[in-house]
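Numbers restart at 1 for each chain; the letters A, B, ... are given by sequence-line order, proteins then strands.
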Amino acid sequence: MHPNKLTFESENLQVDYISFKFQKLENSTQRKIADYLFKLGFNSYKESGKLTKPIKESILVSSKNKFEVCFVGDNPYWDGTLLHFSGLNASRFYFFSKEQIIDWTIFSSAVLSRFDLYFERNYKTADKISGREFLQNCQKNLKQTNKNSSLEKNRKGWILKIGNRKSNHYFRIYETKNSLRFEHEMKGKVLQQYHLLLVENRFEEFEQKLSYQFFISFGKFLSLQFSYLDWLVLKLRPIRKQTFLQSALNSDYIKSEILMTTRSFVMLLQFLTYAQHLDFEIESLGGVPYRQVTFKVRDFLEFQNPTIKSTNHYQLEKIKKFLQQLQTGVFLTSFDDTHFQSLVAIPQVKLEKSSKQKYWIARVWLIDELFYYNYPFYLPNIFQTKLTKDKLEVRFKFIQVFTSVNIEKVFFIQEFLSSYSSVISNQRKNNIKKYFIQLVQLFKEHDLIEDNYKIISNGHYYFTKEFNTHDISEGFVIYEKLSI
DNA sequence: TTGTGCGTGGACCAGGTTGT
DNA sequence: ACAACCTGGTCCACGCACAA
């Protein structure tokens, strides 16, 4: 399965409601549908849409059947009929659809009219605020926009309703026993486009589109800094609109501790970016397609750092060592995501000197899937230049903190400075702080961060619109901008 | 005079809201 | 549910100011 494909299963989305509409449903057709669904385990009921408290009448019911559907006819302002599958009934019906045992000719006069999905976010001990406080905060933010919302308490707990029930997109976030449930209700024209995908069994596309819609919709009006939305941030990063920078450095989530030198790790990041644009041949090893890329070692050196001569023996030697290290897999553990780790596993590296020419040629096998991977981060390549030790460490630290899960990025400067084993002068400390600020400016120019920051003083965080070196002696905070 | 750059307003679209 | 209506946002043409 393609890693960039969103499926309900991979995204942990549950189907919670499905309904179909019939512009005109004859009794005979209704009977036929009821019979058909009865055989699949669904009891049929009917209701009148006119009554506020509808009475459920049986059409075809047996105690053997565990599921049910409801026909709603006799509507005000409209003389069609709706067929509702609620909760588990919907998820059962969708299961049958995916197993391709639904005979869609029975439903030929029906159009998909509503589809609900939900995501369940379990409470975690690290959550700083309660679910209720989170909902209150969400509502506070929503009030500043023109979206209408209401926060109510029902017998199960608090529930935040967003949008108009009648509108095409309606959202509810509510408490359950040990989770928050994020529910999205889709209706109308937007949904009707997907009707064909469903009845033609094009589930990959169907689920891809609806999952995408689900994440984007929630992302549009929720403030992502809350821990209850950690799952959403992870989903949105790879599918957001990324302004592609020239020679962007693509990166996945990097661990807060890496077990190698900064220079080697930076070289790996550069190599992953470099390899994207190389010519290749596909070869299969044990059923898995690999890309065999071939390149001159000196070309990679030039890509890595255009300011040094590509014939620099010392630098070439370092790259060769690095390439040989690649196949040992020591780099993998520096990435947080296990799936990504498996993608950057490199089975083989070959170095050879062409007999006629004088340059070294490298052949590297990379998993082909890696090249279709939607990286969560595309960053300016801030390493393509000769860097002093301090500059390099600062730049790497910056990338490392930036490629963390939370959209709030906290830089502890004091801690960073004290990690130096030797005593460092105040002037040097000052320069280090300057390097950090330069990077903040650079990221701001690339529109990768919001323009409000925080500075840390005596352990407290203060909002600010700008800062300079003496404001950040303890540290500072920036916020990643997720444009969707 | 001509070309460039920027700011304004109107057309258009998508989306949500309202009335039946 | 549907159509009519409203709204906010984007895009582009147009025109103005300014420099070459």
TODO: Could you tell me whether a side-chain N or O of His195(A) sits under 3.5 Å from a main-chain N or O of Leu191(A), the two making a donor and an acceptor?
DONE: no

Task: Atom-pair distance (CG on Asp79(A); P on dT20(B)), nearest Å - done: 19 Å

Open item on the list: On a heavy-atom basis, which atom in Gln276(A) and which in Arg291(A) lie closest, and how many Å separate them?
Closed with: O-NH1, 4.4 Å

Open item on the list: Against the six-membered ring of Phe42(A), is Arg92(A) placed for a cation-pi contact (under 6.0 Å from the centre, within 45° of the normal)?
Closed with: no

Open item on the list: Assess the residue pair Ser44(A) and Val61(A) against the criterion (side chain to side chain contact (heavy atoms under 4.5 Å, CB included)); give the C-alpha distance rounded to whole Å, side-chain angles, the decisive distance to 0.1 Å, and a yes or no.
Closed with: CA-CA 6 Å; Ser44(A) 289; Val61(A) 173; over 6 Å; no

Open item on the list: To check you understand the geometry: which heavy-atom pair defines the closest contact between Phe303(A) and Gln384(A), and what is its length?
Closed with: O-NE2, 2.9 Å

TODO: Provide, to the nearest angstrom, the distance between the CZ atom belonging to Phe221(A) and the P atom belonging to dG15(B).
DONE: 15 Å

TODO: Please list, by residue number, the residues of residues 162-170 of chain A whose heavy atoms come closer than 4.0 Å to an atom of DNA chain B; answer none if no residue qualifies.
DONE: Asn164(A), Lys166(A), Ser167(A), His169(A)

Task: Distance in angstrom units between Lys50(A) NZ and dT20(B) P, rounded - done: 17 Å

- [ ] Applying side chain to side chain contact (heavy atoms under 4.5 Å, CB included), run through Ile432(A) and Lys391(A) and close with a yes or a no.
- [x] CA-CA 7 Å; Ile432(A) 287 175; Lys391(A) 265 196 180 168; over 6 Å; no

Open item on the list: From CD of Gln193(A) over to C1' of dG15(B), roughly how many Å is that when rounded to an integer?
Closed with: 13 Å

Open item on the list: Going by ring-ring contact (aromatic ring centres under 6.0 Å, His included), His184(A) matches just one of Phe221(A), Phe171(A), Tyr17(A), Phe115(A). Which one?
Closed with: Phe171(A)

Open item on the list: Taking Lys140(A) first and then Glu133(A), would you say they form a salt bridge - that is, a charged N and a carboxylate O separated by under 4.0 Å?
Closed with: no

- [ ] Using atom CG of Asn148(A) as one end and atom C1' of dT18(B) as the other, report the distance to the nearest whole Å.
- [x] 12 Å

TODO: Rounded off to whole Å, could you give me the CG-to-C1' distance for the Leu191(A) and dC2(C) pair?
DONE: 16 Å

Could you run down the sub-3.5 Å N/O contacts of the protein with nucleotides 3-11 of chain C?
none

Task: Inter-residue atom distance Leu13(A).CG - Glu120(A).CD, 0.5 Å rounding - done: 11.5 Å

- [ ] Kindly say whether Glu175(A) contributes a backbone atom to a donor-acceptor pair with the side chain of Ser179(A) at under 3.5 angstrom?
- [x] no

TODO: With axes from five pairs an end, tell me the bend angle of the helix from dT1(B)-dA20(C) to dT20(B)-dA1(C), nearest 10°.
DONE: 10°

TODO: Take the protein atom CG of Asn75(A) and the nucleotide atom C1' of dC2(C), then report the distance between them rounded to whole Å.
DONE: 12 Å

TODO: Using atom CD1 of Ile216(A) as one end and atom P of dA14(B) as the other, report the distance to the nearest whole Å.
DONE: 17 Å

Open item on the list: Before you tell me yes or no, could you show the steps for Arg181(A) and Glu183(A) under salt bridge (charged side-chain N to carboxylate O under 4.0 Å, His left out), namely the whole-Å CA-CA distance, both residues' side-chain angles and the distance that decides it to 0.1 Å?
Closed with: CA-CA 6 Å; Arg181(A) 200 174 272 191; Glu183(A) 198 176 291; 5.5 Å; no

